[in-house]
A.B. asks: 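One structure is given below, represented as structure tokens, and several questions about it will come after.
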Amino acid sequence: RLTLTANGISLFEADNRTPAVTLKTAVFSLSGASIYQRALVMDEILLDQVALHLIRTSADAYGRYNFSDILDKIAAMPKSETPFRFSLANVQVKNSSLQFDDNVLDQKIAVTALNLGLPFMSNFPKSIQTFVQPMLSAKINGTAFALTGRSKPFHDSLETSLAIDLDHLDLANFVAYSPVALPVKIQSAQLTTKLDLIFSRKNLQSEILLSGALELDKVALQDAQNAPLLKLASVKAQIKSANLSTSSLTLDKLIIDTPEVWAALDEKGSLNWSQLAQKNPTAVASKQPASTGFAAKPDAAPSKDAHKPALLLNEFLLDKGMLHFSDALNATPAQSMEISGIKLSVKQLSSVADAKLAPITLIANLGPDQKLQFDGEFHPMTAVLRGSVSLDELRLESYQAYLNRFLAANLSGRVSLKSQIDMQQGQLSLSEVGLGLADLKLVPKTKNDGQIAIKSLQLDKLALSTETRAIKLGD
């Protein structure tokens with residue numbers, strides 16, 4: 001172990017006179033495991049009597065602070081394609097303070113008697129010896145505030161947990177304080193949590209776990225031009241276990257109520273949602289790997305304790321959804337449509353490759369008396385999908401804009417479809433296909449040309465396969 005102790009540290013503002021950070025004592029204990037783990041492994045970090053001075057200077061689109069120039073330089077640095085691995089144990093901040101000067105609102109917030117304890121923080125599993133209990137205490141403008149961990153000293157996992165309880169916290173009020181530009185405008189969003197942050201050490205392996213309930217209400221998002229992107233009444237998640245060390249997540253329930261989504265495809269084939277990341281300067285990353293002494297080499301073999309992130313969702317329900325979609329790429333003029341009454345139900349969804357297929361039901365209204373329904377099962381990682389699909393009374397005239405580029409006629413009528421579908425290994429097959437046409441009319445756009453009309457047509461027991469490139473009619 002290599003221990004570094006520093007005393008009397010001061011960092012100044014750009015004028016080289018105003019202290020931004022002062023620190024009486026700093027102790028860093030670097031573990032020898034950093035070498036063979038190819039990671040930053042700290043056995044202890046102690047910061048005593050830290051004094052931090054933050055100043056918000058602007059709130060145009062997002063907050064600008066006295067440290068924003070540092071964030072700008074970090075964002076402009078080349079990003080590494082390999083994740084930075086770290087394990088920090090026994091993190092302690094003692095007898096510290098924070099002075100926040102909000103020049104935008106002309107307010108000051110003084111945080112004094114600040115004490116923080118974290119047993120460990122790690123983004124990979126590692127055996128860690130801890131002696132610090134999780135806690136946070138301070139005085140905010142003179143008012144005492146404290147969070148203290150609940151320990152289970154006789155439990156075999158040596159668990160200590162912190163309760164994180166929030167009641168309808170209005171996230172929109174904090175957008176202006178974000179030190180980086182956000183890709184969306186948060187018009188409204190209320191956060192409610194009843195979570196337990198658990199620090200667990202079992203069989204010499206340390207883990208950070210999160211469990212409990214999380215809810216977002218009255219969510220409304222817009223893009224930079226104030227165009228709507230998303231509205232929803234609520235999102236409720238019941239987290240059974242989220243392992244922050246291995247990025248594994250098990251959800252008992254995830255319920256999305258009354259979501260409303262706006263999606264637009266422009267003439268260049270760019271989707272409005274995909275443009276959000278492109279316009280966010282902090283999201284643009286260089287492909288050049290950064291040079292760091294602790295990042296694993298790209299061709300390095302994974303360590304034996306490496307874990308693949310896993311997702312298990314026992315029950316998912318999306319109800320009363322609506323999609324507003326505009327397509328200027330494939331339609332002339334641009335096609336606008338609304339899909340309403342969307343209901344999606346999934347059970348026992350897993351990202352593990354050999355997991356069972358998850359039952360899925362999808363119902364949507366494509367227009368008045370036009371219903372789409374799918375009942376079946378699928379696996380998101382292997383792209384396997386099988387089940388039955390039905391389409392009732394689809395009105396062809398509603399999609400004339402998609403035909404204008406290659407059809408000099410107006411098409412109208414109703415289409416109904418029922419089929420069994422099986423998709424796997426990139427191949428699609430349809431069986432037991434029943435196709436019905438009613439009141440079909442093909443009317444040329446120029447006068448004095450004939451037209452085609454079919455009162456009704458029914459085709460049954462069709463089958464087709466992309467693998468054999470064959471279409472079969474009847475038995």
A.B. asks: Using side-chain heavy atoms (C-beta onward) and a distance below 4.5 Å, is Ile360 in contact with Leu344?
C.D. replies: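 Yes, at least one pair of side-chain atoms sits under 4.5 Å.
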A.B. asks: Distance-only, no hydrogens or angles: does the Ser351 side chain make a donor-acceptor pair with backbone N or O of Leu311 under 3.5 Å?
C.D. replies: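 Looks like yes, one N/O pair under 3.5 Å.
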A.B. asks: Kindly indicate whether the side chain of Glu338, heavy atoms from C-beta on, has any atom under 4.5 Å from the side chain of Asn365.
C.D. replies: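 Result no, sub-4.5 Å side-chain heavy-atom pair not found.
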A.B. asks: For the atom pair CZ (Phe316) and OG (Ser345), what is the distance rounded to the nearest 0.5 Å?
C.D. replies: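 That separation rounds to 9.0 Å.
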A.B. asks: Hey, is the main chain of Gln225 close enough, under 3.5 Å, to the side chain of Asp223 for a donor-acceptor pair?
C.D. replies: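 Yes; judged by distance alone, with no hydrogens or angles, the pair exists.
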A.B. asks: Test Leu396 against every option in Leu403, Leu440, Asn410 by the side-chain contact (heavy atoms from CB on, under 4.5 Å) rule and name the one that passes.
C.D. replies: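 Among Leu403, Leu440, Asn410, the one that satisfies the side-chain contact (heavy atoms from CB on, under 4.5 Å) with Leu396 is Leu440.
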A.B. asks: Counting only heavy atoms not in Gln425 (residues, nucleotides, ligands), do more than 12 fall under 6.0 Å from its CD?
C.D. replies: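 At most 12 heavy atoms, drawn from other residues, nucleotides or ligands, come within 6.0 Å of this atom.
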A.B. asks: Return the CZ to OG1 distance between Arg64 and Thr57, rounded to the nearest 0.5 Å.
C.D. replies: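 Spacing of CZ (Arg64) from OG1 (Thr57) equals 7.0 Å.
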A.B. asks: What do the steps show when you test Leu462 against Leu430 for side-chain contact (heavy atoms from CB on, under 4.5 Å), and what is the final call?
C.D. replies: CA-CA 8 Å; Leu462 282 170; Leu430 301 178; over 6 Å; no
A.B. asks: Can you give me the closest heavy-atom contact between Ala353 and Thr382, atom names plus distance?
C.D. replies: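 Closest approach of Ala353 to Thr382: O-CG2, 3.8 Å.
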A.B. asks: Provide the closest heavy-atom pair for Glu215 versus Asp217 in the form atom of the first, atom of the second, distance.
C.D. replies: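 Smallest heavy-atom distance, with atoms named: OE2-OD1, 2.7 Å.
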A.B. asks: Tell me, which pairs form a side-chain hydrogen bond (donor to acceptor under 3.5 Å, both in side chains) where one or both residues lie in residues 413-424, sequence neighbours left out?
C.D. replies: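 side-chain hydrogen bond (donor to acceptor under 3.5 Å, both in side chains) check on residues 413-424 returns Glu393-Arg414, Arg414-Asp439, Asp422-Gln424.
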A.B. asks: With rounding to the nearest 0.5 Å, note down the distance linking CD in Glu260 to CG in Leu323.
C.D. replies: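 So the gap between those two atoms works out to 9.5 Å.
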A.B. asks: Does a side-chain heavy-atom distance below 4.5 Å link Ile363 with Leu372?
C.D. replies: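 Of all side-chain heavy-atom pairs linking Leu372 with Ile363, none is under 4.5 Å.
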A.B. asks: Between Pro444 and Ala409, which heavy-atom pair has the shortest distance, and what is it?
C.D. replies: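 Taking every non-hydrogen atom into account, CA-CB, 3.8 Å.
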A.B. asks: Atom NZ of residue position Lys253 - does it have more than 12 heavy atoms of other residues, nucleotides or ligands inside 6.0 Å?
C.D. replies: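 Not buried by this count: 12 neighbours or fewer within 6.0 Å.
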A.B. asks: Just grab all the side-chain hydrogen bond (donor to acceptor under 3.5 Å, both in side chains) pairs involving residues 399-409, residues at least two apart or on different chains.
C.D. replies: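 Listed once each, the pairs are Asp327-Tyr402, Thr332-Arg405, Gln400-Asn404, Asn404-Lys445.
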A.B. asks: Please step through side-chain contact (heavy atoms from CB on, under 4.5 Å) for the pair Val175 and Leu182, ending with a clear verdict.
C.D. replies: CA-CA 8 Å; Val175 171; Leu182 300 179; 4.0 Å; yes
A.B. asks: Spell out, as yes or no, whether a donor-acceptor pair under 3.5 Å connects the side chain of Gln370 to the backbone of Arg395.
C.D. replies: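 Flag set: sc Gln370 to bb Arg395 pair under 3.5 Å.
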A.B. asks: With a 4.5 Å cut-off on side-chain heavy atoms, are Tyr65 and Leu71 touching?
C.D. replies: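 SC-SC contact between Leu71 and Tyr65 ruled out.
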A.B. asks: Is the backbone N or O of Glu467 less than 3.5 Å from a side-chain atom of Gln427, with the two atoms forming a donor-acceptor pair by type?
C.D. replies: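 At least one qualifying donor-acceptor pair exists.
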A.B. asks: Checking the side chain of Asn272 only, and the main-chain atoms of Ala264 only, is there a donor and an acceptor separated by less than 3.5 Å?
C.D. replies: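 Yes; judged by distance alone, with no hydrogens or angles, the pair exists.
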A.B. asks: Looking only at atom types and distance, does a side-chain atom of Thr466 sit under 3.5 Å from a main-chain N or O of Leu428, one as donor and one as acceptor?
C.D. replies: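 Yes; judged by distance alone, with no hydrogens or angles, the pair exists.
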A.B. asks: Pick out which of Leu214, Ile239, Val235 makes a side-chain contact (heavy atoms from CB on, under 4.5 Å) with Leu254.
C.D. replies: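 Result for side-chain contact (heavy atoms from CB on, under 4.5 Å) with Leu254: Val235.
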A.B. asks: Would you check if the side chain of Ser350 reaches a backbone N or O of Leu312 as a donor-acceptor pair within less than 3.5 Å?
C.D. replies: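 Absent.
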A.B. asks: Any non-hydrogen side-chain atom of Ile109 less than 4.5 Å from a side-chain atom of Asp102?
C.D. replies: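 The answer is no, as the side chains (C-beta and beyond) never meet within the 4.5 Å cut-off.
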A.B. asks: How far apart are the C-alpha atoms of Leu229 and Leu276, what are their side-chain angles, what is the distance that settles it, and do they pass the side-chain contact (heavy atoms from CB on, under 4.5 Å) test?
C.D. replies: CA-CA 11 Å; Leu229 287 171; Leu276 298 177; 3.9 Å; yes
A.B. asks: Can you tell me how the ring of Phe174 sits relative to the ring of Tyr177, calling it parallel under 30°, perpendicular over 60° and tilted otherwise?
C.D. replies: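 Rings of Phe174 and Tyr177: tilted, 30 to 60°.
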A.B. asks: What's the shortest heavy-atom distance between Asp69 and Asn66, and which atoms?
C.D. replies: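 Asp69 and Asn66 have their closest heavy atoms at OD1-O, 3.7 Å.
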A.B. asks: With a 4.5 Å heavy-atom cut-off, do Trp262 and Lys231 have their side chains touching?
C.D. replies: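 Sidechains of Lys231 and Trp262: in contact.
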A.B. asks: Distance from Ile208 atom CD1 to Leu197 atom CG, nearest 0.5 Å?
C.D. replies: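 Ile208 atom CD1 to Leu197 atom CG measures 7.0 Å (nearest 0.5 Å).
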A.B. asks: Ignoring hydrogens and angles, tell me if any N or O in the side chain of Arg56 forms a donor-acceptor pair with the backbone of Leu105 under 3.5 Å.
C.D. replies: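 Side chain of Arg56 to backbone of Leu105: no pair is present.
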A.B. asks: Could you give the distance from OG1 (Thr193) to CG (Asp165), rounded to the nearest 0.5 Å?
C.D. replies: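 Rounded to the nearest 0.5 Å, the OG1-CG separation comes out at 6.0 Å.
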A.B. asks: Hey, what do you get for OG (Ser178) to CG (Leu171), rounding to the nearest 0.5 Å?
C.D. replies: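 Between Ser178 OG and Leu171 CG, I get 12.0 Å after rounding to 0.5 Å.
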A.B. asks: Could you tell me which non-hydrogen atom of Ala189 sits nearest to which non-hydrogen atom of Ile186, and how far apart they are?
C.D. replies: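 Closest heavy-atom pair between Ala189 and Ile186: CB-CG2, 4.0 Å.
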A.B. asks: Hey, does Ile140 have a side-chain heavy atom less than 4.5 Å from the side chain of Phe100?
C.D. replies: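 No - every pair of side-chain heavy atoms lies 4.5 Å or more apart.
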A.B. asks: With a 4.5 Å heavy-atom cut-off, do Ser241 and Ser211 have their side chains touching?
C.D. replies: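 A side-chain contact is absent here, since even the closest heavy-atom pair is not under 4.5 Å.
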A.B. asks: Around atom CG of Asp369, are there more than 12 heavy atoms from other residues, nucleotides or ligands closer than 6.0 Å?
C.D. replies: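 Check fails, neighbour count at 12 or below.
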A.B. asks: Do other residues, nucleotides or ligands put more than 12 heavy atoms under 6.0 Å from the CD1 atom of Ile471?
C.D. replies: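 Result for CD1/Ile471: open.
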A.B. asks: Provide the closest heavy-atom pair for Ser68 versus Gly63 in the form atom of the first, atom of the second, distance.
C.D. replies: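 Distance-wise, the nearest heavy atoms are OG-O, 4.3 Å.
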A.B. asks: Go through it in stages, so that I can follow the logic: the residues are Gln348 and Asn314, the test is side-chain contact (heavy atoms from CB on, under 4.5 Å), and I'd like the CA-CA distance, side-chain angles, deciding distance and then a yes or no.
C.D. replies: CA-CA 4 Å; Gln348 300 301 316; Asn314 291 322; 3.5 Å; yes
A.B. asks: If you draw a 6.0 Å radius around CG in Asn226, do more than 12 non-hydrogen atoms from other residues or ligands fall strictly inside?
C.D. replies: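 Yes, the 6.0 Å shell around CG holds more than 12 heavy atoms from other groups.
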A.B. asks: Please check this pair: side chain of Glu397 against backbone of Gly413, looking for a donor-acceptor N/O pair closer than 3.5 Å.
C.D. replies: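 Side chain of Glu397 to backbone of Gly413, a donor-acceptor pair under 3.5 Å: yes, one is there.
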